[in-house]
J.: 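There's a structure below that I have some questions on.
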Amino acid sequence: MNSKIYLSSPHMGGTERDFVQQAFDTNWIAPLGPNVTGFESDLEQYLGSDRHVAALSSGTAALHLALIMLGVRAGDEVICQSMTFSASANPIVYQGATPVFVDSEPDTWNMCPDQLEAAIRDRIKKGKKPKAIIAVHLYGMPYKVDEITAVATMYNIPVIEDSAEALGSKYKGRSCGTFGDLSILSFNGNKIITTSGGGALVTHTIEEKHKAVFLATQARDDAPHYQHSEIGYNYRLSNICAGIGRGQMQVLDAHIKLRRQMNEFYTNLFAETDGIDVFSEPGSDYYSNHWLTCISVNSSKTGYSAEEIRLSLEKDNIESRPLWKPMHLQPVFKNSPFYGKKIAEELFLHGLCLPSGSNLKDVDKQRIMSVLSQFL
Ligand SMILES: *Cc1c(COP(=O)(O)O)cnc(C)c1O
C-alpha cells in the first residue's frame, strides 16, 4: 500500500524544537511564559493594523470568549454563516443563545450580504435584534468584507471574524484577522500553521486583550487570595505549544507560497476540463492563503461526480473530503432559523477538498495527478 497523502498535515519548519527546548530549559512549562508573549507579538506584527492578540487553547475557545465579551447570553440570537465548520456555531449554544444561519454567495462561498440583511430585518421584525454576526473566511478565501461590514454597521451589530482558516489571507491588501470587531485564529493540527492545538483572539484595544486573558485564566480578581466576581475559563495557550507557534511563524509565508502553488497545480491540471471549477479568487481585492484547494464538479457536464473522484483517490490512499456540510442541514441545528436559498447546499453536493499541504512532495503530486488523470 502506498503511504497516505493527507488533505493537510502539520509541516514543521525546524526551529519549533528550539523554542520548546528553551521552555524546558527555563522550566516555563505553564500556560504563560516567554513563548506565549513572543508568539502573541509575532502575530501582532504579522497582522498589522495595531491589533492585540491573546493566545488561547483553541479557536473554539476564542469564539466562545468573543461571544462572552460581546455580552451574548441565554435567549439571545447570533447570526452565523451556515457553510462552515461546526466550531463556528457551537459556542453560540454554549452561551444558551440560538444560531440564525445565513446562506453563502457563489463568489467567495462565504456569507451572502443580501441574505444577511434579510435575516437581520426579519429577526428584528420578529422581536429580537441579533447580538452578533459570525462571518467566516472559508478555506482561506476572504468573505466580501466591505459588503458584510456595511450591513453590520448599518444595523449596528458587531462582527466576529472567524479567520481560523485564513491566517495570511488578505482583502484589499489588509490581513484577514483584522476586520472584525473581534477576530479569531486557529492553530489546530490541520491549519496553515499549528501549535498542535491552539487559537487566538484578536482585539482592537489592549483593554479587550486583558479582558480576554482575565477570562481565559479563571477570572481571578486582583487579590492575594483567590477571589472571583465573574465566571472564568481555562483557555490560555501553554508556553510549550506557543513555542511551536513561534517556530511556525518563521515559515508561515513560505508555506503560504507552497499552498498557493498547490492551487496552481490543480488549476493547471483541470484547465481543459469542462465541468470542473477550481475555487479561486473572484478578483484582485482577494488574496487567499489557499489553505485548502477545492473544486466543484458539474456532473452533467463531466459524467462523473465529486464523490466518484473522492472514492478513486481513497483507493490509492489519498485523502480528499466533501466541503463543509452547511449547519442548517445538520441534525443538531434542525430547529435553528435559516435565511437563504440553496447556494451552500449545492456547493456541499458538488464540491471536494483536495490534498493541499505545504509539505506535499513531487512524488505525492505525481500520485495525485495519475489518479485524477483518469477523470480528465
Ligand atoms: C478550525 C476551525 C475553528 C476552530 O478552531 P479550533 O482551534 O479547532 O478550535 C473554527 N472555525 C473554523 C472555520 C475552523 O476551520
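Order of listing sets the numbers, starting from 1, for every ligand and every atom in it. Residues take their numbers from the sequence shown, with the count starting at 1.
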J.: Using 30° and 60° as the class limits, which term best fits the ring planes of His228 and Tyr226: parallel, tilted or perpendicular?
T.: tilted
J.: Mind checking whether Ala164 contacts ligand 1 via backbone (N, CA, C, O), side chain (CB onward), both or neither, at a 4.0 Å heavy-atom cut-off?
T.: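 For Ala164, only side-chain atoms sit under 4.0 Å from ligand 1.
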J.: What's the separation between atom CZ in Phe101 and atom CE in Met327, rounded to the nearest 0.5 Å?
T.: 6.5 Å
J.: Looking at side-chain heavy atoms only, is the closest gap between Val297 and Phe375 below 4.5 Å?
T.: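 Side-chain contact under 4.5 Å: no.
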J.: Do other residues, nucleotides or ligands put more than 12 heavy atoms under 6.0 Å from Lys341 NZ?
T.: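 No.
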J.: If you measure from CG on Asn234 to OG on Ser57, what distance do you get to the nearest 0.5 Å?
T.: 7.0 Å
J.: For atom 11 (N) of ligand 1, what's the nearest protein heavy-atom neighbour? Residue, atom name and distance, please.
T.: Asp162 OD2, 2.7 Å
J.: Checking a contact table here: which protein heavy atom is nearest atom 2 (C) of ligand 1, and how many Å away?
T.: Lys191 NZ, 2.7 Å
J.: With heavy atoms of Phe85 as the reference, note each atom of ligand 1 found under 4.0 Å away.
T.: 1 (C), 2 (C), 3 (C), 14 (C)
J.: Which atoms of ligand 1 are found less than 4.0 Å from any heavy atom of Val136?
T.: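 Close to Val136: 13 (C).
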J.: Are Arg310 and Glu314 ion-paired here, with the side-chain N under 4.0 Å from a carboxylate O?
T.: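 Yes, charged N to carboxylate O under 4.0 Å.
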J.: Between Thr60 and ligand 1, which part of the residue brings a heavy atom under 4.0 Å of the ligand: side chain, backbone, both or neither?
T.: both
J.: Quick one: which ligand 1 atoms are inside 4.0 Å of a heavy atom on Ser58?
T.: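 The list of qualifying atoms is 7 (O), 9 (O).
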J.: Under 4.0 Å from a heavy atom of Gly198: which atoms of ligand 1 are those, numbered in the order shown and with their elements?
T.: 7 (O)
J.: Less than 4.0 Å between a side-chain N and a carboxylate O, is that true for Lys211 and Glu230?
T.: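 Counted as a salt bridge, because a side-chain N and a carboxylate O are separated by less than 4.0 Å.
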J.: Among all the protein's non-hydrogen atoms, which is closest to atom 8 (O) of ligand 1, and how far away is it?
T.: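 Going atom by atom, the protein heavy atom closest to atom 8 (O) of ligand 1 ends up being Asn188 ND2, 2.8 Å.
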J.: Could you find the nearest protein heavy atom to atom 5 (O) of ligand 1 and give me its residue, atom name and distance?
T.: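 Ranking protein heavy atoms by distance from atom 5 (O) of ligand 1, first comes Ser186 OG, 3.2 Å.
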J.: Of the backbone atoms (N, CA, C, O) and the side-chain heavy atoms from C-beta on, which set of Leu138 has a member under 4.0 Å from an atom of ligand 1: side chain, backbone, both, or neither?
T.: neither
J.: Would you call Arg121 and Glu117 a salt bridge, taking side-chain N to carboxylate O under 4.0 Å as the test?
T.: yes
